[in-house]
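Heads up: numbering here begins at 1 and tracks the sequence. Computed from a predicted structure; not experimentally measured.
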Amino acid sequence: MTNTRIVQIGLVVLAILTGLFLEHVLLAAFGAFSVTQPLTRPLWNDWTWSSFIGLGIAAAAAIYVWITPKTREVAIDIVAELRKVSWPSFPETRAATVAVIVASLIAAALLGLFDVLWQFVTDKIQNPTL
């Protein structure tokens with residue numbers, strides 16, 4: 001698969017996700033005003049005018065990004081650089097994940113111990129009779 005094709009697929013996926021997000025934002029915005037509330041009523045199944053407007057804005061933005069030469073070249077360069085990266089294998093990833101989880105548990109235990117100790121010290125300072 002070419003770098004250009006990967007960028008195109010990425011832009012389509014990003015446009016769909018952005019459109020779905022904008023749909024919810026527009027539903028909230030249109031629902032706040034009585035004049036625009038008809039735009040929140042269903043047209044077909046769960047699709048509203050907000051759905052079509054959100055997806056339309058996202059599609060227009062994706063097309064604009066694609067036809068702008070500078071952004072298209074930057075995106076293609078990013079894909080080219082990511083193809084040069086040596087990604088870790090699954091066993092390496094699993095070992096690194098286990099190391100991070102163990103280190104996090106140790107850090108949490110130490111911080112919890114220091115918290116209990118500090119609380120004990122401050123309680124003794126504030127109320128020596130305890």
Give me the atom names and distance for the closest heavy-atom approach of [X] to [Y].
| X | Y | result |
| --- | --- | --- |
| S50 | L27 | OG-CD2, 3.7 Å |
| A58 | G19 | CB-N, 3.5 Å |
| M1 | I9 | SD-CD1, 3.9 Å |

For T68 and K70, indicate whether the former's side chain and the latter's backbone hold a donor-acceptor pair under 3.5 Å. no
Report whether [X] and [Y] are members of the same hydrophobic cluster (ILVMFWY, side-chain heavy atoms less than 4.5 Å apart, transitive linking).
| X | Y | answer |
| --- | --- | --- |
| I6 | L17 | yes |
| W47 | L26 | yes |
| I63 | I53 | no |
| L20 | L22 | no |
| L105 | V116 | no |

Within the 4.5 Å heavy-atom criterion, are D77 and E81 side-chain neighbours or not? no
Minimum side-chain heavy-atom gap W118-L113 below 4.5 Å: no
Evaluate whether atom [atom1] of [X] has more than 12 neighbouring non-hydrogen atoms of other residues, nucleotides or ligands under 6.0 angstrom away.
| X | atom1 | value |
| --- | --- | --- |
| R5 | CZ | no |
| W49 | CH2 | no |
| N45 | CG | yes |

Apply side chain to side chain contact (heavy atoms under 4.5 Å, CB included) to the pair L43 and F52, showing each step before the final yes or no. CA-CA 10 Å; L43 289 174; F52 292 112; 3.8 Å; yes
Nearest 0.5 Å, what's the CG-OG1 distance between L11 and T18? 10.0 Å
Could you walk me through whether I125 and F120 pass the side chain to side chain contact (heavy atoms under 4.5 Å, CB included) check? CA-CA 9 Å; I125 291 171; F120 176 76; over 6 Å; no
Run the side chain to side chain contact (heavy atoms under 4.5 Å, CB included) check on T4 and R72 step by step: do they pass? CA-CA 9 Å; T4 305; R72 181 178 55 226; 5.8 Å; no
Between V7 and W66, is the side chain to side chain contact (heavy atoms under 4.5 Å, CB included) condition met? List the steps. CA-CA 9 Å; V7 171; W66 179 250; 3.7 Å; yes
Can you see whether S51 engages E23 through a side-chain donor-acceptor pair at a distance of less than 3.5 angstrom? yes
